[in-house]
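Here's the structure we're looking at; comments come further down.
No experiment lies behind these values; they were computed from the predicted model shown. The chains referred to below are lettered A, B, ... by the order of the sequence lines, with proteins before strands, and numbering in each begins at 1. Side-chain atoms are counted along with the backbone in the values below, which use heavy atoms only and exclude waters and symmetry mates.
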2 protein chains.
Amino acid sequence: MNEHKYHHGDLKNALIGAGVDILAEEGLGGLSLRKVAARAGVSHAAPYAHFADKQDLIAAISTEGYHRLYERIEALVQRYQGDPPRQLIEVACAYVEFARKDPAHFRITFSGVIETEKNYPTFVEISQKNLQLVTQVVEACQSAGILKPGPADATAVSIWSSVHGLASLLIEGQISHTLLDRMSRRELTVFLLNQVTLVELRPEMFPAKAI
Amino acid sequence: MNEHKYHHGDLKNALIGAGVDILAEEGLGGLSLRKVAARAGVSHAAPYAHFADKQDLIAAISTEGYHRLYERIEALVQRYQGDPPRQLIEVACAYVEFARKDPAHFRITFSGVIETEKNYPTFVEISQKNLQLVTQVVEACQSAGILKPGPADATAVSIWSSVHGLASLLIEGQISHTLLDRMSRRELTVFLLNQVTLVELRPEMFPAKAI
DNA sequence: GCCAAACCTTGACAGTGTCAAGATTCGGCT
DNA sequence: AGCCGAATCTTGACACTGTCAAGGTTTGGC
């Protein structure tokens, strides 16, 4: 309805959305401010009314990625309440799946496109919320005896590192095909968790629809 | 001596070296073909005699990064021959340390700046050599009983993922300061390995000069 | 109904990757 | 020795990029 309005109304979010789309279609290399502006239907310098520079837009897109991830993970933690090993596995698989479905968005969220100098409070906030959630699951797993006792924050970081590393190496094509032919991504993820933890494998952890 | 020669002599390697330097000084954002050319003392289009495009130069720089990593890791595997858990820990720490010392080079090596379409044989080669080395260490650890038995390739990928993830999250500043104030990077790395494996901690694994 | 602020456009600039055309030098052949 | 093709490098140009300044348009509050 707002086709020919001078004022867009919600340009900021439209730009973030356009950025996410371009990222999905063309990857990081295709992401330019001018293309984002064009896709949102505004002139090439319009983004500067909402973002200080490209870095700022990228930070917003990263934050959006983190939010999407958090939503999925939070839903899974809820669904498997009371079954800590299952929570751990499903959260890990969701993480890997997020990376696979939209590698560019995953990369831009985690691959330090955000320079350390500037600090983006909303990004830090959602990042901490994510880690808190993982820490919760880790604590539940420790109570359930499937994770060695120890400081929960360091353990959470260890688990997160493992899953993050697997997701990264997978989307960078660093995992050999001979291995990938033998094991699905889900099997690999569960294998890794089984290596890291003392999870006992149960059949329902391998649904027919493997990722 | 070759200051004013029209033909540089070894421009290809000079360009790679210049790229590595710029990466260390200015990070990924500062890496442009023209700056690399200028630093090597040639005109802006000279790189095109040796590289098809920017992607090609980046691939060469990535390959160089992988080579440097391999050299260090190989030396450590040699030095601690016969002590598999120590091998594992030192290799992991070297990996993390490589990322810390030159984050931009680490990122460009592993963070998918190489598009999957093109394949760079030398890059794939050194990447496989690296994994083989890790697999060796993993097999030794399995024999020593500090790693669960299982397919060595999948186990190696698990270990590699864990360490790679930790290194990535560290250089992206995703590890909270409250944790980093309590544990050094080396302690974190060993903690992670201890989580992942059944390594027994020994005092010599924590030298005074922690990373 | 007016005015300041928010929002957007236009135009410009330096820097970028890339290519075409040409200059320079090297290596091998006679 | 001298020539010639190939390798190497330079120059010039093009489209595209991030960014800023100046100005136009709209909105919301008084």
Please tell me whether B:Phe98 and B:Tyr70 form a close aromatic pair, meaning their ring centres lie under 6.0 Å apart. no
So, B:Glu172 and B:Arg107, do they make that salt bridge, N to O below 4.0 Å? yes
For the side chain of B:Leu11, counting heavy atoms from C-beta on, which of D:dC9, C:dG17, D:dG18 is nearest? D:dC9
What nucleotide, of D:dG12, C:dT16, D:dA21, holds the atom closest to the side chain of B:Ser32? C:dT16
By nearest heavy atom, map A:Ala49 and A:His44 onto DNA chain C; which one lands nearer the 5' end? A:Ala49
Within the modelled atom types, does a donor on one side and an acceptor on the other bring the side chain of B:Arg34 and the base of C:dG17 under 3.5 Å apart? yes
Return the value, rounded to whole Å, for the distance between atom OH of A:Tyr48 and atom C1' of C:dC13. 13 Å
What's the CZ-P distance between B:Phe51 and C:dG17, to the nearest Å? 14 Å
Please report the shortest heavy-atom distance between B:Ala92 and B:Leu193, naming the atom on each side. CB-CD1, 3.7 Å
Closest approach to the side chain of B:Val42, judged atom by atom: which nucleotide of D:dC9, C:dC19, C:dC8 is it? D:dC9
Categorize A:Ser43 for me: base, sugar-phosphate, or nothing, with a 4.0 angstrom heavy-atom threshold over every strand shown. base
Atom CG of B:Leu15 and atom P of D:dT8 are separated, to the nearest Å, by 12 Å
Round to the nearest Å and state the distance from B:Asp10 atom CG to D:dC9 atom P. 10 Å
Indicate yes or no: does A:Asp102 engage A:Arg68 in a salt bridge with an N to O separation below 4.0 Å. no
Scan A:His50 against the nucleic acid and name what it touches under 4.0 Å (heavy atoms): base, sugar-phosphate only, or nothing. sugar-phosphate
When rounded to whole Å, the CG to P distance for the pair B:Leu33 and D:dC14 reads 21 Å
Nucleotide C:dC8, atom C1' - distance to NZ of A:Lys12 in whole Å: 16 Å
Report the distance from atom CD1 of B:Ile58 to atom C1' of C:dG17, rounded to the nearest whole Å. 11 Å
Using a heavy-atom cut-off of under 4.0 Å over every strand shown, decide if B:Lys35 touches base, sugar-phosphate, or nothing. sugar-phosphate
Donor-acceptor pair, distance only, cut-off 3.5 Å: does the side chain of B:Lys35 make one with the backbone of B:Gly30? yes
Side-chain atoms of B:Asp53 come closest, of C:dT18, C:dC7, D:dT17, to C:dT18
Between P of C:dT16 and CD of B:Glu26, the distance in whole Å: 10 Å
